[in-house]
Structure formats: structure tokens, C-alpha cells
Amino acid sequence: MIPYGRQDIREEDIEAVVNVLRSDFLTQGPKVPEFEDRVAARVGARHAVAVNSATSALHIACLALGLGPGDWLWTTPITFVASANCGLYCGASVDFVDIDPLTWNMSVTALRAKLEDAQRSARLPKIVVPVHLCGQSTDQEAIRELSREFGFSVIEDAAHAVGATHNGEPVGSCRWSDITVLSFHPVKVITTGEGGVALTNDAAVAERLRMLRSHGITRNADHFQDAGADALDGAPDGDSKAAAWYYEQQLLGFNYRITDLLAALGLSQLERLDEYVGRRNQIAGRYDGALAGMPLQLPHVTEGNVSAFHLYVVRSTADRRAIFDDLRAAGIAVNLHYMPVHLQPYYRKLGFCRGQFPEAEAYARTAISLPIYPTLSDEDFDFVVSSLRTALGHA
Ligand SMILES: *Cc1c(COP(=O)(O)O)cnc(C)c1O
């Protein structure tokens with residue numbers, strides 16, 4: 001089968017991981033902070049907190065921004081379930097904003113209309129999670145303006161958009177958001193096997209993210225609360241210095257840490273980020289040319305955006321199921337990204353139903369993700385294009 005996406009692991013990646021295996025630290029050693037510093041520098045954010053998945057990053061991002069019971073988190077229905085589940089993890093309620101029919105990202109027009117409604121009923125969201133679908137940034141300036149007007153925080157789910165830029169600004173710089181989350185799952189642009197990062201420019205938010213990643217514990221003397229009685233004789237007491245064994249749990253956190261093995265893989269992969277994004281854009285450009293004239297809606301990259309092209313999605317008004325099954329039968333593992341989250345059984349039980357987000361539902365009835373990854377061969381590319389042409393002829 002030709003997959004829709006796959007990782008590219010080279011000898012230098014293997015060597016980087018083996019070197020850690022031979023070193024003193026498999027986890028909580030020097031590679032994690034080195035990886036964090038390199039990611040932060042690459043995207044121009046002040047702080048990076050690396051964790052074991054983007055899902056974990058979304059969870060602690062919500063907690064770090066104070067999301068809890070009684071609050072609302074809004075996201076797009078066309079995303080992976082993790083973008084919405086993070087709100088439920090915190091005991092908050094989740095709602096969705098319909099998509100733009102051209103970019104397939106959260107519609108800013110629909111967001112404004114929904115915010116105006118929510119204001120009337122005093123149910124404004126605490127957090128909005130725009131998702132950079134396929135690797136193309138949402139209109140972050142417009143969403144930032146709305147966040148100021150209506151008083152919500154913004155977490156960018158940039159799981160698809162590692163290496164993308166928006167109006168010259170690298171996705172992840174958090175210029176127009178509070179936190180940005182990246183994923184390093186093997187199908188994404190660069191990988192650590194499993195892994196993710198939360199980026200922010202706010203030092204206090206970064207400190208909370210670090211604590212939440214590791215049991216709610218801090219070893220930073222500047223942040224000790226000096227719990228007194230419980231700290232016993234090792235405790236910092238006014239000016240006195242803490243004993244070497246002293247730490248404080250101040251929040252209820254988790255073990256969401258990434259390992260040094262995975263951080264070393266990430267460091268090695270990061271070296272090739274530009275190459276990967278370049279190659280993905282090259283393949284996307286070739287698809288654009290080869291598919292022009294076929295009865296398909298092709299990806300629209302808005303002026304000012306450079307997409308990371310994690311996904312290359314086309315929409316067909318002909319029988320999508322028949323086209324999909326034909327391509328699968330030909331050995332091409334096309335996919336759908338995504339079934340609308342609000343129509344998942346778990347979300348239906350929360351009260352969501354068909355018809356609530358018509359653009360998202362229309363998208364999900366017509367979309368097909370075609371193979372796109374750096375090592376996709378020209379031969380396989382040509383086979384995908386000819387198979388799609390044949391399938392469209394049948395449909
Ligand atoms: C992959 C993905 C996630 C979750 O990433 P993990 O690292 O697998 O937890 C979240 N949001 C979106 C949009 C994704 O595609």
C-alpha cells in the first residue's frame with residue numbers, strides 16, 4: 001500500500017538515538033532542554049515545553065490557561081478529536097465553529113457570529129482552539145482581534161503546521177495566540193515517535209506548563225511557596241537555602257514527560273524541517289498541476305501563507321465513496337481527515353447532531369487525503385494521479 005503519510009528515518013536519526021542509549025540519561029537529561037531550545041528558536045517563541053504527545057500538550061495548555069468546570073472551549077469540527085477532548089479533560093464544555101468552505105479552517109465569520117450570540121446568552125468561551133488544517137495557518141490576526149474584543153484565550157493547534165509560516169511569521173511564534181501546540185507523531189511533518197510541544201511567550205504560563213508536565217512539582221527555588229510544617233528541616237525558610245532533596249508539589253500534574261531518546265530523534269529531524277516542508281510543497285504543486293481540469297476542489301492556500309502540507313486534501317462532488325474504495329483497491333491508502341468531531345458517538349451523546357455545522361459536514365462528505373510525504377517516489381505519485389483519474393471516470 002502507498003500510505004497517505006509516513007516518517008523519514010535516516011542513519012543520523014538512528015545514531016542520535018543510539019548515542020542517548022549509551023549515555024547516562026534516558027530521560028530528564030540534557031537532550032530535552034536542548035530540543036526545547038532548538039524548537040523555540042526555530043519558531044521564534046520564548047518558551048517551549050516538550051511533552052509525550054500533542055494531546056498532552058493541549059491538555060496542559062488548557063489547564064495552564066485556567067480552563068475548568070463551567071467554562072467553554074470552542075474548536076472546529078474538522079480536526080482530530082484531541083483538539084476538542086482537551087476541553088472535556090478539564091471538566092469544561094466544548095462547542096464548535098463551522099469551517100470556511102475555501103480554506104476548510106475555522107471560519108472567522110462564523111466565529112464572530114457565534115461570539116455575538118454567546119455574548120447575549122453570557123456563554124462566551126474561555127478558550128478558542130483554531131486548527132491549522134493540512135498545515136495552513138488560520139487567519140490568526142483576525143482571531144486575535146476577536147479574542148481581545150470578547151476576552152478569550154487562543155491555543156493554536158498547529159499539529160499539522162510545523163514549519164509553516166503566516167504573513168512571514170513562523171507558526172509557533174505565538175504572535176497572535178497564548179499557546180501553540182505542535183505534534184511529532186510519525187505521520188506529521190517531523191517526528192519523535194510520539195511527542196509534542198507547547199510554545200508560549202508568557203514566562204508564568206511556561207512555568208505552569210512545566211509543572212503540569214511533571215506531577216505539578218517544581219524544583220525552582222524562586223517559585224517555592226515554603227509550605228512550612230510539611231517541609232520539615234530541609235525547607236526554605238525565609239532566606240535559608242533549601243536542602244538538595246527539597247521540591248514542592250503545588251499543582252495536580254501528570255507524567256507527560258518526553259524522553260531524551262525521543263528528544264534526540266526530534267533534534268535530528270528538526271535539521272531537515274526546511275527540506276521536508278520544501279519537498280511537501282513541491283509534491284503539492286505537482287498535484288495542483290496534474291489534477292487541474294479534473295472535477296475536484298483542490299487545496300486553496302491563502303496569500304501570505306506557506307503551508308507545511310502535512311495533508312493534501314481534494315474534494316470531489318462525484319461519488320466520494322466509490323472513488324475512495326477504488327483507490328484503496330488500487331493499493332493507495334487514501335484517508336479522510338476528518339469525520340466531524342461533533343458527529344462522533346461520544347459527542348452525539350453530549351447532544352450534538354447532524355446539521356449543526358453544514359460546511360463541515362459537506363466537507364466530510366467530499367474530502368479525500370492523497371499520499372504526501374517526503375519519500376513519495378515520482379513513480380508512486382504518477383500512479384496516484386492516474387488511479388484518481390480512472391476512479392473519477394468510474395464514479
Ligand atoms: C495529530 C493531531 C493531534 C494529536 O497529536 P498527538 O501528538 O498524536 O497527540 C492533535 N490535533 C491535530 C489536529 C492532530 O492532527
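Atoms within each ligand, like the ligands themselves, are counted from 1 in listed order. Keep in mind the model is a prediction, meaning the values are calculated, not measured.
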Parallel, tilted or perpendicular, as decided by the 30° and 60° cut-offs, for the rings of H160 and H310: tilted
Within 6.0 angstrom of R46 CZ, more than 12 heavy atoms from elsewhere: no
Short side-chain to backbone donor-acceptor contact, D260 and K31, under 3.5 Å: yes
Check ligand 1 for close polar pairs with the protein: N or O on both sides, less than 3.5 Å.
unit_1: ligand 1; atom_1: 5 (O); unit_2: S183; atom_2: OG; d: 3.4
unit_1: ligand 1; atom_1: 7 (O); unit_2: A54; atom_2: N; d: 2.9
unit_1: ligand 1; atom_1: 7 (O); unit_2: S183; atom_2: OG; d: 2.8
unit_1: ligand 1; atom_1: 9 (O); unit_2: A54; atom_2: N; d: 3.3
unit_1: ligand 1; atom_1: 9 (O); unit_2: T55; atom_2: N; d: 2.9
unit_1: ligand 1; atom_1: 9 (O); unit_2: T55; atom_2: OG1; d: 2.5
unit_1: ligand 1; atom_1: 11 (N); unit_2: D157; atom_2: OD1; d: 3.4
unit_1: ligand 1; atom_1: 11 (N); unit_2: D157; atom_2: OD2; d: 2.7
unit_1: ligand 1; atom_1: 15 (O); unit_2: H160; atom_2: NE2; d: 2.7
unit_1: ligand 1; atom_1: 15 (O); unit_2: K188; atom_2: NZ; d: 3.1
unit_1: ligand 1; atom_1: 15 (O); unit_2: Y338; atom_2: OH; d: 3.1

Under the side-chain hydrogen bond (donor to acceptor under 3.5 Å, both in side chains) test, residues paired with N255 that sit two or more places apart: none
Parallel, tilted or perpendicular: rings of W176 and H166 (30°, 60°): perpendicular
Expected output: side-chain S83 to main-chain F80 donor-acceptor under 3.5 Å: yes
